[in-house]
Each structure stands twice: as C-alpha cells, then as structure tokens.
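Data block below; observations after.
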Amino acid sequence: MEPRRQTPGPRSVRRALPVVDTDALHDECGVVGISGVDYAAEQAYLALYALQHRGQEAAGIVTFDEAGPHTLKGEGLVGDVFKTWSLPKLTGRTAVGHVRYSTAGGSDLDNIQPITARYAHGHIALAHNGNLTNHYDLRRRLVEEGAIFRSSSDSEAVVHLIAKSRHDTVDAQIDDALTHLEGAYSLVIAIDDVVYAARDPRGFRPLVLGRKDGGHVVVSETCALDIMGAEYVRDLEPGEVIRMENGRVTPLRSLPPADRAAPCIFELVYFARPDSRIWGISVDRARRAFGRKLAQEHPVDADAVIAVPDSANSAALGYAEESGIPFELGMLRHHYVGRTFIQPSQDSRDFGARMKYNPVREVLEGKRVVVVDDSLVRGTTSTSLVRMLRGAGAREVHLRIGSPPVRFPCFYGIDMPTKRELIASSLSVDEIEERLGVDSLGYLSLEGMVEAVAEAGPYCTACFSGDYPAPLVDVEKGHLTPEGPGRC
Ligand code: AMP
C-alpha cells in the first residue's frame, strides 16, 4: 500500500519558514523614477551617481519603451555596473533606478533592485528605500497563499501584493498593496511606462519631485536633481501617492494619515549628503546647527577643532564657529577606499581606520584637539582614530559627537548593528570615555538636537530615544527579536 501523503497544511508551511530570517535585507538605499524624459537611462545613471552614498553594494536601472523593459543590474558602484557601451541599450523615456547599501543574503542577484516581474497588467519594476516592519508577517501570509519569493528582500512582498490585488485598475492595485504595508517606504514603481511614487504615511525616508525637460522625476535627495539639471518642485508628502505618465504628474491619493509624521532625524545627522535639502532643511545647515549646540552644551579649552571627515565636516565647522576655536584639517580621508584584499600580517587592530583616514602631524603635534564626529555607533572607528591622533602627537583629545548616544536599533531602514553591538546601549558616557581613551567625551543632547532643527519635525528619533513611531509588527509577533534587524 502506498504510504499516505501528507498534505502540508498551514501549520507545516509555518514550520518550514524560519521565525527569524537572518538573511533579511535592510534597505538603506537611494531611488530614482523618471517619466517623459529623453535618454531616461542616462538621467537615472546621473541620479544614482549622486546618490551613491546611500548604497554602494549594488545598483540597477530598468527602462521602458514599446519594446518592453530593459534591465541592467549588478554588484558594485554605479560607475562599475553601467558602462558607456551598456547604458545606451537601456532605451526609453521612462526609468526606475536603485542603489543598495546592504548585502545580507550574500551576492544574490535576485536581491538587487529594481525588482522586476511580469503580471497580469504588465511588467513591474520596483525600487524601495526603507524597511517594512511587517515584512515577515506579510511574507508568511503570502507564502501560505502560494506566493514564491525569489529574494530575501522585504520589497518583494510589495510586488506580490500588487499582483494578487483583485482590483481591476493598476491605480487601485497599487493603492490596495500600499494599505497592507507597515513601516518605512519611499517607493518608485513602474508598471510598463507608468511610474508610481509613494511615501509611507509617517514619511520616514525622503522622496523629492523634480521637473526636467518637460518631464518629471522623483529622487531620494535633491543632490540628484542638481546633477541631472532638474528643477526642484517639492517633497512628496508623507502618505502621498502620485502617478507619472508621459511626463505628467497626477496626484492619486493620500494614504490614511498616521498619528504623526516621523521623518528620520538620522538622515540629517549622517546619512544624507550635506549639499541636499532634506525635510525642507539644508543638511549642511542642520549639521552646523548641531555643532553649534554641541559647543554650547560641551565647551572645552582647546587649540583646534578637527572633523572626522567627511560626514562630520559641517558639525565641526559649527562647533568651531560657536566656540571660536579654529577649525583645522587634522585628518584626511581616502576617497577611493573600497574593499581591499590586503591584510597586514601583524598589528591589524587599526588597519580599517588607517586605510580610510590619515592624520596631519603638523596640525596635531603638541595640540589640544576637539575631534567632532557625527555619531558613535559601535565605537570602533573612534577607538582607532583616537590612537591615531595621539600617535601623531596630539596632547589632548576631546571627542564631541553631533548627535545623542545611539542606543536602539533602527527598524526603519538605516543599516545599524544590533542593540548589543551599539556601544551606548550597554555603557554609560563615562565608561565610553574610558573605553575610547579620550580626555573628555560629550554628546549632543536629544533636546538640543531636535531644537537645532525645530523648523521641521516632529522626527523619528528611535535610534536615540527608543520611541518607535510605527508599530514593530514583526517584533510584536515574535518573528524578529527586539535586538533589531542588525547589520548585514
Ligand atoms: P562606529 O562607531 O565605529 O560604528 O562608526 C561610527 C561612524 O560610522 C560615524 O562616524 C558615522 O560617520 C558612520 N556611520 C554612522 N551610521 C552609519 C551607518 N548606518 N552606516 C555606515 N556608517 C555609519
């Protein structure tokens, strides 16, 4: 007799899925969408080039014309993925592009965005910046309903939600899919040559609308508009969904408003480029304001203010302006640093930092220096830098941080390590001071930081305050630990 075959019920499907998928991706990224612009691929390339700081692991562009979608994706920097001979193959006046930061899940090409698929209403290309906080919950439900996932990215769930929507129009399908999402998303979705752009109701991640040669574009940051020669129109509102077709913009609708908007303050602290405007504020001006506040809160007698280049340059200038202590170039940053296969045979303790930074001995010798950094995460960079500065002759090293202690993991798309690895989650400021070997340590207060950029907000300050504005569904349901998604 044939053995009875067991039909897998929902329970066994559930058991087959790991409760915590450590391969999950955290999408700290940059996105672009283009409609009605000649040579859209070239424009998308320029935008991604400007957004390179938002993701260095992989890049992709999908364009559309009558011949259908044209896709080029690959690992590496934008300049490595797209070549002068490959870019012109991406024909059309519609494009979606993406740069990605993290690579959990290994070098799987399926994880590179834009995610592409074909469904009943056309070809989809989707680019996502942010992180869905109900990703595992959605994925589990979709798998139980028969969906087959090709990647470990949370963004793929959105593609499945669009494809399985029972509404008859694409507008309604997009709308329907978005209502299932929780957490952080700035999305650009092309369905054939129609581009949709959406921000989650709390507006965690930026998305900006621009005008270019009779068409329209959406990009993560205004620095991308500058390089494209596009004119800034406005930021998309939290919860706003628009459609771009043949270069024309149609507002679709606003998603039900959240209890409060929560743009990420860490974009201003570290992530965005200082020549961009985020949340209507110049990032450079915001960081200078952080630096000025920091000088008021933690003054010190010193001979020079130096920055950990480049992310802390603006904050260090603010500190110098407020304190009257001269700003000096005490450290240089190697701009072309990438992955290296060279491992020194001994004394590799500071190797990573040495590859990236080098002190200027003439500036430091015998001096009392204030070193300004934008944030302390694990504390490993600073530990190496302090040793390096002392080695170059600095007499006193006073570390000043242009943001409060990072104590909590980010579930909304900033690539942070798990809680356990955050130096400030387990050590007090005094203990960190001792661990880093500095003469003094001062963090900007949470109140001081928020006050310095009071013209926008209220912000998401979860990584500093532990106050999470959007429900952490996957944590609540036990799919993910409160330790956080962790660095990939
Ligand atoms: P560490 O304390 O060694 O983990 O490094 C902190 C430095 O990394 C800060 O000076 C920031 O400039 C930078 N940083 C902060 N957040 C991130 C992030 N999410 N990804 C990469 N670098 C970061």
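Counting starts at 1 for both ligands and their atoms, in listed order.
- The cationic atom of R139 (NZ for Lys, CZ for Arg) lies less than 6.0 Å from the six-membered ring centre of F149 and within 45° of the ring axis.
- With a heavy-atom cut-off of 4.0 Å, T381 touches ligand 1 through backbone and side chain alike.
- Residue contacts with ligand 1 for I414 involve side-chain atoms from C-beta outward but no N, CA, C or O (heavy atoms, distance under 4.0 Å).
- With a 4.0 Å cut-off on non-hydrogen atoms, S375 touches ligand 1 through its backbone as well as its side chain.
- With sequence neighbours excluded, no residue forms a salt bridge (Lys or Arg N to Asp or Glu O under 4.0 Å) with D226.
- Interface atoms of ligand 1 facing D415, defined by a heavy-atom separation under 4.0 Å, are 18 (C), 19 (N), 20 (N).
- A pairwise comparison of heavy atoms in H180 and N134 identifies O-ND2, 2.9 Å as the closest pair.
- Both the backbone and the side chain of T380 come within 4.0 Å of ligand 1, judged by heavy-atom distances.
- Ring geometry, Y468 versus Y412: the interplanar angle exceeds 60°, so the pair is classed perpendicular (tilted spans 30 to 60°).
- Checked by distance only, ligand 1 and L376 stay at 3.5 Å or farther apart across all their nitrogen or oxygen atoms.
- Distances from ligand 1 to the non-hydrogen atoms of F271 include no value under 4.0 Å.
- Contact check for R368 versus D439: no side-chain heavy atoms found under the 4.5 Å cut-off.
- For D373, the heavy-atom gap to ligand 1 drops under 4.0 angstrom.
- Put simply, the side chain of W279 does not reach to within 4.5 Å of the side chain of V453, judged on heavy atoms.
- For the pair E322 and R288, the salt-bridge criterion is not met [side-chain N within less than 4.0 Å of a carboxylate O].
- Considering backbone and side-chain atoms together, G379 places an N or O closer than 3.5 Å to an N or O of ligand 1.
- Within ligand 1, counting atoms from 1 as listed, the ones closer than 4.0 Å to a heavy atom of R378 are 1 (P), 2 (O), 4 (O).
- Every atom of ligand 1 is numbered from 1 in the order shown, and the set under 4.0 Å from a heavy atom of S311 is 12 (O).
- Proximity of F266 to ligand 1, defined as any heavy-atom pair under 4.0 Å, is confined to the side chain (atoms from C-beta onward).
- Each of R277, R287, R273, R205 was evaluated against E267; a single residue qualifies, R205, per the salt bridge (Lys or Arg N to Asp or Glu O under 4.0 Å) test.
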